Amino acid sequence: MALSYSVQGFILLLTASLLVVSEANTIVVGGSEGWRFGFNYTDWALQNSPFYINDTLVFKYVPPSDTSFAPSVYLLPDLWSYTTCDFRRAKLLANATQGSGEGFKIVLKQWRPYYFASSGHNGFHCSAGLMKFPAVPLPRGD
């Protein structure tokens, strides 16, 4: 009788641990730095990867002021656009004011490359090589 309770307890513990592993994460882009000019997001992404399908990325940033250029969040369509900071076919995800407060959230729903960048200051945020990063979410090993 005690053995069956132990087996049931083990199965319950195993099931609970698998559920914990399969939960999606919410990740603030840049951590405490947020989404701002002057921070290297490619390095940040490498240090905080892997990302997984259904993880949520949160972009938090300060709205524009008289003394600063506010960033934006774009999804670039391909590696070429990302590399050259070509925003012609990019999709605007969040404008200059949408990153304040709780920030702008995007869920990584598919197993594919996501190329994020800011077009702030006429594209300089991206072309300086700082305000851009790729993310390729992996399937969770359930």
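All figures in this text were calculated on a predicted structure; none of them were measured in a lab.
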Measure across [X] and [Y] and return the closest heavy-atom pair with its distance rounded to 0.1 Å.
X: Cys126; Y: Tyr82; answer: SG-O, 4.4 Å
X: Phe104; Y: Ile106; answer: CE2-CB, 4.0 Å
X: Phe37; Y: Ala128; answer: CE1-CB, 4.1 Å
X: Leu76; Y: Ala90; answer: CD2-CB, 3.4 Å
X: Phe133; Y: Val29; answer: CE2-CG1, 3.7 Å
X: Tyr74; Y: Ser119; answer: CE1-OG, 3.1 Å

Under 3.5 Å donor-acceptor, Arg112 side chain and Val136 backbone: no

Side chain of Ser118, backbone of Lys132: donor and acceptor closer than 3.5 Å? no

Does the separation of the ring centres of Tyr41 and Phe39 fall below 6.0 angstrom? yes

Tell me if the centroids of the rings in Phe59 and Phe116 come within less than 6.0 Å of each other.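 Close enough - the centres of the two rings lie under 6.0 Å apart.
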
Hey, mind stepping through Leu57 and Phe51 against side-chain contact (heavy atoms from CB on, under 4.5 Å) and telling me if it holds? CA-CA 9 Å; Leu57 297 181; Phe51 302 110; 4.1 Å; yes

Do Tyr61 and Val73 make a side-chain contact, defined as non-hydrogen atoms from C-beta onward lying under 4.5 Å apart?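 Tyr61 reaches Val73 side chain to side chain.
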
Would Leu75 end up clustered with Trp44 when hydrophobic side chains under 4.5 Å apart are linked, directly or stepwise? yes

With a 6.0 Å cut-off (strictly less than), is the heavy-atom count around CZ of Arg88, excluding the residue itself, greater than 12? no

Say you draw a straight line from [atom1] of [X] to [atom2] of [Y]; how long is it, rounded to the nearest 0.5 Å?
X: Arg36; Y: Leu130; atom1: CZ; atom2: CG; result: 9.5 Å
X: Trp35; Y: Ser72; atom1: CH2; atom2: OG; result: 8.0 Å
X: Leu108; Y: Thr56; atom1: CG; atom2: OG1; result: 7.5 Å
X: Asn25; Y: Asp55; atom1: CG; atom2: CG; result: 4.5 Å
X: Lys105; Y: Lys60; atom1: NZ; atom2: NZ; result: 8.0 Å

Within 45° of the axis and under 6.0 Å from the centre of the six-membered ring of Phe87, does NZ or CZ of Arg89 qualify? no

Should Tyr115 and Leu79 be marked as a side-chain contact (heavy atoms from CB on, under 4.5 Å) after you check the CA-CA gap, both sets of side-chain angles, and the distance that decides it? CA-CA 7 Å; Tyr115 300 105; Leu79 181 59; 3.6 Å; yes

Quick one: side chains of residues 93-101, donor-acceptor pairs under 3.5 Å with protein atoms, not counting sequence neighbours, listed by atom name and distance.
residue	atom	partner	partner atom	Å
Asn95	OD1	Thr97	N	2.9
Asn95	OD1	Thr97	OG1	3.0
Asn95	OD1	Gln98	N	3.2
Gln98	OE1	Asn95	N	2.6
Ser100	OG	Thr97	O	3.2

